[in-house]
Amino acid sequence: MKFKIKKQRKVPIEISIEGRIVAFDTETTGLRFHHGDAPFAFSFTDYEGNDSYIRGDVDPFTRKVSLSREDEATIVEFLEDATITKVMHNAKFDIGMCEQYFGCKVKGKIIDTMIFAHVWDSSRPIGLKPLCNRVLNISEQDQKDLQASVVRARAKGKKAGYTLSSDVKADYHLGDPELCKQYAVTDTQRTMQLFWFFEEPYNEGGAYKELVDMEHKVLMVTKRMEDRGVGIDWGKCIELTEYYEDTKSGFLDLINVEGYGDVNLNSPKQLAKVFYEDKLMPPIYRTRKSKDKGRAKSLTTDSKALQHWASLGDTFAKCIIAYREADHQLKNFVSVFMDEGKKDKDGFFTLHPNYRTCGPITARLSCTTPNLMNISNPQTRESGVSLRARECFTPRGENTVLYFTDYSQVEVWVSMFLSKDEAGMKALLDNEDMHKNMALKLWSHMYDFSNPAVLKKWRKRAKFCLFGLIYGAGVGSIMDTAGCGLDEAKKIIRVFWDTYPGLHTYSKQLSEEAEINGYVTGPYGRRYHVTGDDSYKALNYMIQGTAAEVMKRALISIDKALTFRKPKKKFKKAKLLLTIHDETGVEADKRDKAVPKLIVEAMSGEFHKMLGMPVRLKADVEVVTTNWAEKEKLDPQPVLKDIT
DNA sequence: TACTTTCAACTG
DNA sequence: CGGACAGTTGAAAGTA
């Protein structure tokens with residue numbers, strides 16, 4: 001082994017009791033380790049600051065990596081040494097790369113400095129270079145030097161017929177080897193220095209340590225979900241591809257007939273010209289979000305505007321809506337599934353998404369390649385039966401089902417109990433339909449609510465208004481969601497705050513607190529940083545963030561319950577597969593009847609105690625036997641003993 | 001050419 | 001002064 005520690009640094013660190021602590025990083029030929037990209041350089045920095053570096057060769061035509069047998073053995077020995085604590089920045093990436101390439105299992109304690117940084121302050125950049133530049137004042141020059149050299153090498157390589165990536169960062173193997181080494185080793189130096197930087201607050205214990213530890217558990221839970229992947233029905237993907245291609249070409253023909261064959265339907269600019277300049281439609285503006293605050297309001301050609309024009313009899317608008325819908329399902333979902341998926345060890349076509357645990361500032365999870373969290377959900381829509389992407393998701397195996405379990409109104413429960421709003425808490429505990437009641441209060445004198453369809457529509461608007469107010473909406477957006485004028489919107493806001501005065505007071509308190517401190521602190525001790533003029537966001541951060549804390553702990557708990565449980569021999573082990581903010585997905589043998597209850601037990605947990613609730617959070621189970629679009633309520637639902 | 005911004009789509 | 005929150009992705013258009 002090349003790693004030596006000359007003398008132990010004063011180590012009051014609780015993280016490593018024995019063995020060594022080594023920062024580790026890889027340079028790779030790309031980001032997609034499921035699809036052939038591989039690590040070609042490996043750097044190490046030990047706790048004393050001693051560096052090591054190993055580099056293999058990359059064939060510039062095939063992009064295949066080759067390592068000497070000794071080097072490979074050294075690296076695998078390091079990775080599999082359970083006594084070595086491995087410190088990484090974005091650990092899931094490097095572990096995934098190595099496990100895929102070497103076919104080994106990384107052992108030993110994993111420490112991710114990205115987690116330390118994100119828990120410290122989720123509102124600031126946590127990429128290794130900018131982070132170290134900020135907190136450790138380390139220059140980013142090494143990366144600039146390497147990148148400049150890579151750009152030059154790429155220009156030459158293009159002529160030579162090399163296989164290039166569209167991303168300069170994925171072609172680091174082409175750059176000057178000395179610069180690459182310098183860069184790689186500096187990265188593990190950075191990582192180790194970050195570790196030194198954060199170990200003090202960590203060792204002080206308290207909420208920071210608890211959160212960092214919890215996040216490391218979530219990291220490994222998400223890694224296991226990613227490794228398992230979710231099953232995709234290839235035949236269904238083919239079917240939907242044909243379906244959407246047909247839809248697209250059908251509407252393109254119609255558009256040709258209408259005389260707009262030359263317009264690029266993906267270009268908002270060209271569409272704006274057609275509708276506002278040629279057809280002289282009255283202006284419809286984009287709803288401005290706070291991000292766009294400084295910008296001038298702009299004309300929109302989004303589906304809502306098109307819908308309006310379609311309702312006035314505009315055929316072109318009607319066609320664009322249908323075309324875009326089909327195009328979106330194809331481009332963003334179906335074809336992504338086909339490109340990203342691969343056969344798993346049992347021969348099932350499977351998607352392996354990438355969960356980010358250090359993404360959203362509210363400390364929710366996010367998801368990429370593909371983003372499982374924004375796949376169309378026809379069940380929540382009034383129309384839109386053609387949004388069929390979920391049909392591609394399917395249980396793997398004959399006796400297999402998927403359980404989707406979602407919290408019932410977590411954000412509302414969290415809002416009312418964090419704010420201690422008397423009316424809200426009572427309504428929830430009495431199991432009242434608060435959105436319906438609000439709809440009656442606001443609009444029953446205007447509409448016939450004995451008609452269920454009418455009631456449903458306005459109940460939904462009331463619900464949207466409540467969420468709007470939690471998110472900090474102003475009169476303008478309330479006008480949009482309620483579809484009313486200024487005075488009516490003002491009245492709605494007044495009625496809401498009169499109904500939930502505790503929530504209103506709480507929101508104002510949080511905003512003040514945010515303005516004074518620059519952050520607010522959630523019940524699990526996490527700080528949500530709120531900058532200057534954005535103090536109205538504090539309430540939302542608190543609620544969204546607290547719901548996320550609950551879900552992360554629930555995921556750990558489900559994973560643990562399923563991992564350590566021994567099902568009967570004929571059943572394969574139930575496994576946690578995915579999560580979508582307030583929802584979890586588990587794959588299990590349908591004959592294994594105990595699974596739903598385990599999930600619900602884990603999700604209901606004892607979170608209510610932390611949130612000041614007298615009863616547990618409620619979660620409902622749905623079951624999928626065919627595909628995700630055909631979820632059905634599980635009957636009967638598991639029953640839990642109430643704990644107080 | 002390569003990188004960034006804008007817009008539109010979808011989710012909770 | 002008054003703001004709908006948090007995301008990911010792809011295509012077009014703008015900029016260096």
Side-chain angles (χ1 to χ4, degrees), chain A residues 122-123 147 151 154-155 158 164 166-169 264-272 286-296 298-306 320-321 323-333 335-336 339-340 353-356 359-381 384 387 389-390 406-407 409-411 415 464-481 493 507 511 528 530 532-545 547-548 551 579-583:
Chain A
S122 60
S123 72
Q147 285 187 349
V151 168
R154 275 160 56 96
K158 198 173 180 182
L164 298 178
S166 57
D167 183 6
V168 170
K169 290 191 187 70
N264 183 345
L265 303 180
N266 288 318
S267 164
K269 209 186 167 188
Q270 292 180 32
L271 289 184
R286 289 187 73 221
T287 44
R288 278 194 294 175
K289 298 204 164 181
S290 53
K291 264 186 212 144
D292 314 320
K293 215 174 343 194
R295 290 211 305 267
S298 54
L299 294 168
T300 181
T301 57
D302 65 13
S303 64
K304 224 178 151 187
L306 292 166
I320 300 169
I321 296 167
Y323 173 89
R324 272 195 194 159
E325 206 170 84
D327 194 46
H328 185 250
Q329 293 293 306
L330 259 186
K331 260 189 333 222
N332 282 43
F333 304 130
S335 52
V336 177
D339 291 345
E340 290 295 326
N354 167 37
Y355 286 97
R356 297 184 55 196
I361 53 182
T362 54
R364 272 182 166 185
L365 297 177
S366 67
C367 185
T368 68
T369 52
N371 178 6
L372 291 185
M373 301 203 182
N374 74 342
I375 293 170
S376 313
N377 184 357
Q379 291 180 336
T380 61
R381 297 195 159 226
L387 308 182
R390 287 196 184 199
D406 70 317
Y407 283 114
Q409 302 210 75
V410 242
E411 296 209 343
S415 312
F464 280 165
C465 285
L466 177 62
F467 278 96
L469 290 178
I470 288 171
Y471 297 156
V475 272
S477 58
I478 293 296
M479 282 161 68
D480 273 357
T481 46
I493 294 173
S507 175
S511 295
Y528 306 101
V530 188
D533 295 340
D534 290 345
S535 68
Y536 72 98
K537 293 179 178 173
L539 175 68
N540 178 253
Y541 285 6
M542 192 63 123
I543 294 166
Q544 190 180 113
M551 179 50 100
T579 172
I580 309 173
H581 303 308
D582 67 346
E583 188 174 3

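None of the values given here were measured: they were computed from a predicted structure. All chains are named by letter (A, B, ...) in the order of the sequence lines, taking the proteins before the strands, and each is independently numbered beginning at 1.
Proximity note for A/Ser477 (side chain, C-beta onward) versus B/dC10, C/dA4, C/dT8: the nearest is C/dA4. Among the nucleotides C/dA11, C/dA12, B/dA8, the one closest to any side-chain atom of A/Thr300 is B/dA8. Distance from the side chain of A/Lys537 is smallest for C/dA6 among the nucleotides C/dA6, B/dC7, B/dC3. The side chain of A/Arg381 approaches B/dT11 more closely than any other nucleotide in the set B/dA9, C/dA11, B/dT11. When distances run from any side-chain atom of A/His328 to the nucleotides B/dC10, C/dG10, C/dA6, the shortest one goes to B/dC10. Side-chain atoms of A/Arg356 lie closest to C/dT8 of the nucleotides B/dG12, C/dT8, B/dA8. The side chain of A/Tyr471 lies closest to C/dC5, out of C/dC5, B/dT11, C/dT8. When each of C/dA12, C/dA4, B/dA2 is scored by its nearest atom to the side-chain atoms of A/Ser267, the top-ranked nucleotide is C/dA12. Taking every side-chain heavy atom of A/Asp302 into account, B/dA8 is the closest of B/dA8, B/dT11, C/dC5. Nearest to the side chain of A/Arg324, among C/dA12, C/dA6, B/dA9, sits B/dA9.
When the C1' atom of B/dT11 is taken as reference, atom CG of A/Asp406 falls 14 Å away, rounded to whole Å. Whole-Å rounding puts the A/Leu271 CG to B/dA8 P distance at 9 Å. With rounding to whole Å, A/Asp582 atom CG is found 14 Å from C/dG7 atom C1'. The interatomic distance linking A/Leu299 (CG) with B/dT6 (C1') rounds to 14 Å, in whole Å. Here B/dG12 presents its C1' atom at 11 Å from CG of A/Asn540, a figure rounded to the nearest Å. Atom P of nucleotide B/dC10 and atom NE2 of A/His581 are separated by 16 Å, given to the nearest angstrom.
Contact check for A/Ile361 versus A/Tyr528: no side-chain heavy atoms found under the 4.5 Å cut-off.
With rounding to the nearest 0.5 angstrom, the SG atom of A/Cys367 is 9.0 Å from the NE2 atom of A/His581.
The shortest distance between the side-chain N/O atoms of A/Asn332 and the OP1/OP2 oxygens of C/dT8 is not below 4.0 Å. Listed pair A/Thr301 / B/dA8 meets the phosphate criterion, a side-chain N or O lying under 4.0 Å from OP1 or OP2. For A/Tyr536, a side-chain nitrogen or oxygen approaches OP1 or OP2 of C/dC5 to under 4.0 Å. For C/dA6, neither phosphate oxygen OP1 nor OP2 lies less than 4.0 angstrom from any side-chain nitrogen or oxygen of A/Thr362. Dashed line: the shortest gap from a side-chain N or O of A/Asn264 to OP1 or OP2 of C/dA12 is under 4.0 Å.
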Verdict with reasoning, A/Arg390 to A/Asn377, per side-chain contact (heavy atoms from CB on, under 4.5 Å): CA-CA 7 Å; A/Arg390 287 196 184 199; A/Asn377 184 357; 3.4 Å; yes

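Donor-acceptor pairing under 3.5 Å, judged by distance alone, is present between the side chain of A/Arg364 and the base of B/dG12.
In terms of modelled atom types and a separation under 3.5 Å, the side chain of A/Ser511 and the main chain of A/Ser535 share a donor-acceptor contact. At distances below 3.5 Å, not a single donor-acceptor pair connects side-chain atoms of A/Ser477 with backbone N or O atoms of A/Asp480. Side-chain atoms of A/Glu340 never come within 3.5 Å of backbone atoms of A/Pro370 as a donor-acceptor pair (strictly under, hydrogens ignored).
A salt bridge does not link A/Lys331 to A/Glu325: none of the charged nitrogens lies less than 4.0 Å from a carboxylate oxygen.
Donor-acceptor pairing under 3.5 Å is lacking for the side chains of A/Asn354 and A/Thr369.
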Please tabulate the protein-to-nucleotide N/O contacts below 3.5 Å involving nucleotides 14-16 of chain C, giving atom names and distances.
unit_1, atom_1, unit_2, atom_2, d
C/dG14, OP1, A/Lys269, NZ, 3.0

